[in-house]
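Heads up: the structure comes next, in C-alpha cells.
All values derive from a computational prediction rather than experimental measurement.
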Amino acid sequence: MAKNGTYSPDIIATLRAALDAAAPPLLTKQEVVRELRNAIRAARGRGCSDQQILDIFAAQGITMTPSTLRSYLADKPAKVKPPRKASALAAAQELESVVPSGDAIRTAVPADTVSLETVE
C-alpha cells in the first residue's frame with residue numbers, strides 16, 4: 001500500500017485468486033439438515049425411516065439422535081422456557097428496594113410544605 005491509500009493494479013489479481021481459493025464456511029448440523037430439508041422430507045415420503053436417514057448422515061460423519069433430527073426439521077423455533085418464579089420474585093424484591101413506596105415519599109416531604117390544593 002502506498003502512503004496515500006492507493007494500491008497497485010496487481011493487487012486485484014492477487015485478491016481474486018485468494019477469494020477464488022477460499023474455502024466455504026463450515027456448516028453446523030442444524031444448517032446441514034435445514035439445507036437438506038426437502039430431500040429429507042422426500043426420503044420420508046418414499047418410506048425411509050428417520051433411522052435410515054440418520055444412517056446416511058452417519059456415513060458422512062454427521063451423527064445425531066432422531067429427536068434432534070425432528071427438532072431441526074421443525075418449522076417453528078424451539079420453545080423458550082419462561083423465567084422461574086424464584087428469579088421473578090428476586091427481581092420484584094430488588095425493584096422494591098430501589099423504588100420507594102408511597103409512605104417513604106410522604107415521609108420524605110416536609111410537613112410544612114404548601115399543598116397545591118390549598119393555594120388559591
- Message: Could you work out, with side chain to side chain contact (heavy atoms under 4.5 Å, CB included) as the rule, every residue matching A43, not counting sequence neighbours?
- Response: R46, C48, I53

- Kindly write out the residues that satisfy side chain to side chain donor-acceptor pair (under 3.5 Å) with E35, not counting sequence neighbours, or none if the list is empty. none

- Those residues at least two apart in sequence (or on a different chain) that pass side chain to side chain donor-acceptor pair (under 3.5 Å) with T68 are T65

- Query: Counting distance only, does the side-chain N/O of K29 pair as donor-acceptor with the main-chain N or O of I62 below 3.5 Å?
  - Reply: no

- Any donor-acceptor pair under 3.5 Å from Q52 side chain to S49 backbone: yes

- Min side-chain heavy-atom separation Y72-E31 under 4.5 Å: no

- Cluster check I56, V33: I/L/V/M/F/W/Y, side chain < 4.5 angstrom: no

- Note on the structure: So salt bridge (charged side-chain N to carboxylate O under 4.0 Å, His left out) across residues 49-60, not counting sequence neighbours, yields R44-D50, D50-R70

Donor-acceptor contacts under 3.5 Å from residues 9-21 side chains, at least two apart:
| from | atom 1 | to | atom 2 | distance (Å) |
| --- | --- | --- | --- | --- |
| T14 | OG1 | D10 | O | 3.3 |

- Item | From M64 atom CE to L69 atom CG, the distance as rounded to the nearest 0.5 Å | 6.0 Å

- Query: Roughly how far, to the nearest 0.5 Å, is the CD1 atom of I40 from the CG atom of L73?
  - Reply: 5.0 Å

- What closest approach, in Å, do Q51 and P66 show between heavy atoms, and which atom pair accounts for it? OE1-CG, 4.2 Å

